[in-house]
Amino acid sequence: MSSTAGQVIKCKAAVAWEAGKPLVIDEVEVAPPQANEVRLKILFTSLCHTDVYFWEAKGQTPLFPRIFGHEAGGIVESVGEGVTDLQPGDHVLPVFTGECKECRHCKSAESNMCDLLRINTDRGVMINDGKTRFSKNGQPIYHFLGTSTFSEYTVCHVGSVSKINRAAPLDKVCILSCGISTGLGATLNVAKPQKGSSVAVFGLGAVGLAAAEGARILGASRIIGVDLNSSRFDEAKKFGVNEFVNPKDHNKPVQEVIADMTDGGVDRAIECTGSVQAMISAFECVHDGWGVAVLVGVPNKDDAFKTHPMNLLNERTLKGTFFGNYKPRSDLPSVVEKYMNKELEVEKFITHSISFSEINKAFELMLQGKAIRCIIRLDS
């Protein structure tokens, strides 16, 4: 039992007091975990575009003050009533979604969309009692995605915590709890390209590079990167991308360009941008008869996907995926093992490492497009 179990912990956290304003390193109080909750000591965290989007409050109802962060690695400090599969000292990855193991989705081998713990960007409180576990001088501070890892200590629902191999370096595998696993799983679990096949990846940010990494692992012979920013092409070569297309360099739709390059279309396409036009292009660039397109990016709420029905009738397949079809508690440990077994190369995703006091620099690097993943060290 931890010496701080059952007590309020005072620690440092990077608090977003207002939308779009620099985070402030403040001392906050973190309450003990309640039933089916776990309190974690966060050692390493990372910044994702999702954090930036909701910090800027673009098109959203602002919920501040708030502690962001959802890619992280840490250690269990204490557990609440009813938690039996975790104990203090366990090494874990908190995850923005969850796996209650009781709902129809969790019991299905075909889904990872937990009814209880499905991603909810509007909820800033814990499910158990509708209250926050963070406060400062009595003022509640809202949670983000049930993780809030920009804090030395945080409280999560047990269903959103994945226990991993203690030997895995948390400063590396912490980035596997969101975007990297999303892209990787889109390829390994959903697109499933065969060895020697052709794969087009739309969008060469972190998620798209992870999708390309999955294609490399499975032995795809042609991995075509599609991006409007040609400066990303050299970096993408590290992830197995060996051909490149910038739609701005052509005077016809990119799906036609790819079809010309590949004698009718690629075997698999994975869309990682959120642009509905990229989604349509990804679907229409796969070969008839066997081509499969997988949508990963999140579109705007008013977008509509439009294509001619014959594209489906000619035996092209369109799929979507959430978190790479990984169940957080059941499957994420196996992704860590891929890294431990040297199948998955994680280090090449990590372009920067900074101390917790420099966390606003991570936002600057992300907004400037200079970082794939920036590790933020809370242990220093």
Side-chain angles (χ1 to χ4, degrees), residues 49 179-180 182-184 186-188 190-300 303 305-308 311-312 314 316-321 348-349 351 369-370 372:
H49 277 288
I180 307 306
T182 296
L184 183 73
T187 304
L188 299 185
V190 186
K192 300 179 181 179
Q194 296 179 359
K195 186 175 182 179
S197 62
S198 57
V199 178
V201 177
F202 285 72
L204 297 176
V207 177
L209 293 175
E213 177 75 357
R216 181 195 68 79
I217 290 171
L218 291 179
S221 61
R222 299 182 69 180
I223 305 176
I224 303 169
V226 184
D227 203 290
L228 295 170
N229 183 356
S230 297
S231 67
R232 289 178 161 182
F233 292 170
D234 280 344
E235 186 75 22
K237 293 176 183 178
K238 299 177 184 178
F239 301 84
V241 183
N242 48 29
E243 299 178 59
F244 299 92
V245 176
N246 185 331
K248 294 189 294 185
D249 295 339
H250 301 272
N251 56 11
K252 58 183 177 181
V254 69
Q255 53 266 49
E256 295 182 18
V257 174
I258 294 172
D260 290 344
M261 292 171 60
T262 55
D263 191 24
V266 290
D267 301 308
R268 300 289 186 268
I270 304 157
E271 181 283 323
C272 304
T273 71
S275 159
V276 70
Q277 186 54 57
M279 295 177 182
I280 295 168
S281 298
F283 175 57
E284 294 182 352
C285 84
V286 300
H287 207 289
D288 59 4
W290 61 79
V292 177
V294 178
L295 307 186
V296 181
V298 179
N300 292 322
D303 284 339
F305 184 98
K306 298 179 181 179
T307 191
H308 197 283
N311 288 321
L312 287 160
N314 285 335
R316 294 177 179 89
T317 300
L318 180 64
K319 295 184 175 183
T321 181
K348 59 191 178 185
F349 290 96
T351 53
K370 295 180 178 179
I372 300 176

Could you check whether any side-chain heavy atom of [X] comes within less than 4.5 Å of a side-chain heavy atom of [Y], counting everything from C-beta outward?
X      : Y      : value
Lys237 : Phe244 : yes
Cys285 : Val254 : no
Arg232 : Leu209 : no
Lys252 : Asp260 : yes
Val226 : Ile258 : yes
Phe202 : Ser281 : yes

Salt bridge check, Asp267 against Arg222: does any charged N sit closer than 4.0 Å to a carboxylate O?
no
How long is the gap from [atom1] on [X] to [atom2] on [Y], to the nearest 0.5 Å?
X      : Y      : atom1 : atom2 : answer
Lys319 : Lys192 : NZ    : NZ    : 6.5 Å
Thr262 : Glu243 : OG1   : CD    : 9.0 Å
Arg268 : Ile223 : CZ    : CD1   : 14.0 Å
Ile280 : Asn311 : CD1   : CG    : 10.5 Å
Asp263 : His287 : CG    : NE2   : 6.0 Å
Ile217 : Lys195 : CD1   : NZ    : 14.0 Å

Which residues satisfy the side-chain contact (heavy atoms from CB on, under 4.5 Å) test with Asp303, sequence neighbours excluded?
Val276, Pro299, Asn300
My understanding is that only residues two or more places apart in sequence, or in another chain, count here; which of them pass side-chain contact (heavy atoms from CB on, under 4.5 Å) with Leu312?
Phe283
Before giving the answer on side chain to side chain contact (heavy atoms under 4.5 Å, CB included), spell out for Met261 and Ile224 the whole-Å C-alpha distance, their side-chain angles and the decisive distance to 0.1 Å.
CA-CA 10 Å; Met261 292 171 60; Ile224 303 169; 4.1 Å; yes
For residues [X] and [Y], report the shortest heavy-atom separation together with the two atoms involved.
X      : Y      : result
Val266 : Ala200 : CG2-CB, 4.0 Å
Ile270 : Ala211 : CG2-CB, 4.0 Å
Val199 : Pro193 : CG2-CB, 3.7 Å
Asn229 : Phe233 : O-CE2, 4.0 Å
Thr182 : Val207 : CG2-CG1, 4.3 Å
Phe349 : Ile372 : O-CB, 3.3 Å

Between Val245 and His250, does the side chain to side chain contact (heavy atoms under 4.5 Å, CB included) criterion hold? Intermediate values first, please.
CA-CA 9 Å; Val245 176; His250 301 272; 3.9 Å; yes
Stepwise side chain to side chain contact (heavy atoms under 4.5 Å, CB included) test for Leu295 and Leu318
CA-CA 8 Å; Leu295 307 186; Leu318 180 64; 3.9 Å; yes
Strictly distance-based, threshold 3.5 Å: is any side-chain N or O of [X] a donor or acceptor partner for the main-chain N or O of [Y]?
X      : Y      : answer
Arg316 : Gly289 : no
Ser221 : Gly196 : yes
Glu284 : Thr307 : no

Given the rule in the side chain to side chain contact (heavy atoms under 4.5 Å, CB included) test, do Glu235 and Leu204 qualify, once you have shown the distances and angles that lead to the verdict?
CA-CA 9 Å; Glu235 186 75 22; Leu204 297 176; over 6 Å; no
If you look only at pairs with a residue in residues 200-214, which of them pass as a side-chain hydrogen bond (donor to acceptor under 3.5 Å, both in side chains), with sequence neighbours excluded?
Glu213-Arg216, Glu213-Lys348
Around Gln194, counting heavy atoms of other residues, nucleotides and ligands shown, do more than 12 lie under 6.0 Å from its CD?
no
